[in-house]
**Student:** 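Pasting in a structure now, in structure tokens, and then I'll have a few things to ask.
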Amino acid sequence: MSDASSKLFDPANPPGLGPDPRADRLSSGEVERELGSFFVDHPPGDEVRPLVRALALLWHDHLDEAHVIVQDHLSGAGAYLHGIMHRREADYWNAKYWFRRVGGQPFFGSFGPVVEAMPGGEKCVVGGLFDPAEFTDAVEQSVRRQGGALPGAQLLAIQAAEFQSLWAHLTA
């Protein structure tokens, strides 16, 4: 990970599973400055640039700003990010609606084994592929403190890996 991306996605400070902002998140202006630095050395295509912005804004708890970007972006990656935004809002049925619109994403194939190897990750993998709807169900069970729920720390680790994998996929 480059310097700018490590500032944008500090694994020691992952976002929560819900909408509440962290005190030590980057402001949206700081996110934009870091992205500007990253884009100088790694210019993405015009289709990908807004998705990279939305991903960084989601990591830093700027859900409304990310929503503005992804609501009209109808690509599979746009739908995926839209699903993450609604999952973070605790709007679980709507998140799963957007995840169903994603279609097959190349990122699912490489991400499935990563998640499956994580504690509790096997519950979020179906047929060797990461299943964001299963992960959403796991998050909902945890938030609602339902029996058999995965511990929050495991879910946070899976979500952080999800963001890192999406970043790698979008900026490749």
**Student:** In the structure I gave you, are the side-chain heavy atoms of Leu51 and Ser75 within less than 4.5 Å of one another anywhere?
**Tutor:** yes

**Student:** Can you name the nearest heavy-atom pair linking Ala77 to Leu170, along with the distance?
**Tutor:** CB-CD2, 4.1 Å

**Student:** Which is it for Glu47 and His73 under the side-chain contact (heavy atoms from CB on, under 4.5 Å) test, yes or no, and what are the steps along the way?
**Tutor:** CA-CA 9 Å; Glu47 283 292 310; His73 210 288; 3.7 Å; yes

**Student:** What closest approach, in Å, do Ala95 and Thr136 show between heavy atoms, and which atom pair accounts for it?
**Tutor:** CB-CG2, 4.3 Å

**Student:** Can you find a pair of side-chain heavy atoms, one from Val70 and one from Ile84, that are under 4.5 Å apart?
**Tutor:** no

**Student:** Taking all atoms of both residues into account, what is the closest heavy-atom pair of Ile158 and Phe130, and its distance?
**Tutor:** CG2-CE1, 4.2 Å

**Student:** Measuring from atom CG of Asp24 to atom CG of Asn13, what distance do you get when rounded to the nearest 0.5 angstrom?
**Tutor:** 4.0 Å

**Student:** If you measure from CG on Asp61 to CG on Asp20, what distance do you get to the nearest 0.5 Å?
**Tutor:** 8.5 Å

**Student:** Do Val125 and Met118 sit in one hydrophobic cluster, given that two such residues count as connected whenever their side-chain heavy atoms are within less than 4.5 Å of each other, even indirectly?
**Tutor:** yes

**Student:** Could you measure the distance from the OG1 atom of Thr171 to the CG atom of Leu166? Nearest 0.5 Å is fine.
**Tutor:** 10.0 Å

**Student:** For the pair Ser142 (side chain) and Ala138 (backbone), establish whether a donor and an acceptor sit closer than 3.5 Å, ignoring hydrogens and angles.
**Tutor:** no

**Student:** Minimum heavy-atom separation for Gly83 and Phe99, please, with both atom names.
**Tutor:** C-CZ, 3.4 Å

**Student:** Would a 4.5 Å heavy-atom cut-off, applied to side chains only, mark Val31 and Leu8 as touching?
**Tutor:** yes

**Student:** Are Tyr97 and Tyr92 co-members of a hydrophobic cluster defined by side-chain heavy atoms under 4.5 Å apart?
**Tutor:** no

**Student:** State which residues pass ring-ring contact (aromatic ring centres under 6.0 Å, His included) with His67; sequence neighbours excluded, sorted by chain then number.
**Tutor:** His82, His86

**Student:** Could you tell me whether Asp137 and Lys123 make a salt bridge, using a distance below 4.0 angstrom between a side-chain N and a carboxylate O?
**Tutor:** no

**Student:** For residues Asp91 and Asn94, is any side-chain donor paired with an opposing acceptor at under 3.5 Å?
**Tutor:** yes

**Student:** Above 12 or not: heavy atoms from other molecules or residues under 6.0 Å from CD of Glu122?
**Tutor:** yes

**Student:** How close do Ser110 and Val114 get, heavy atom to heavy atom, and via which atoms?
**Tutor:** O-CG2, 3.6 Å

**Student:** For the pair Gln164 (side chain) and Phe9 (backbone), establish whether a donor and an acceptor sit closer than 3.5 Å, ignoring hydrogens and angles.
**Tutor:** yes

**Student:** Should Leu26 and Trp59 count as side-chain neighbours, where that means a heavy-atom distance under 4.5 Å?
**Tutor:** no

**Student:** Considering only NZ, NE, NH1 and NH2 on the basic side and carboxylate oxygens on the acidic side, decide whether Glu32 and Arg53 come within less than 4.0 Å.
**Tutor:** yes

**Student:** Would you say Arg22 and His60 make side-chain contact, with heavy atoms under 4.5 Å?
**Tutor:** yes

**Student:** How many angstroms lie between CG in Leu81 and CZ in Arg87, if you round to the nearest 0.5 Å?
**Tutor:** 10.5 Å

**Student:** To the nearest 0.5 angstrom, please state how far the CZ atom of Arg88 sits from the CD atom of Gln159.
**Tutor:** 6.0 Å

**Student:** If you take all heavy atoms of Pro14 and Ala160, which pair is closest and at what distance?
**Tutor:** CB-CB, 4.2 Å

**Student:** Quick one, Tyr80 and Trp98 - any side-chain contact, counting heavy atoms below 4.5 Å?
**Tutor:** no

**Student:** Atom OG of Ser28 and atom CG of Leu35: how far apart are they, to the nearest 0.5 Å?
**Tutor:** 11.0 Å

**Student:** Kindly say whether Ala56 contributes a backbone atom to a donor-acceptor pair with the side chain of His62 at under 3.5 angstrom?
**Tutor:** no

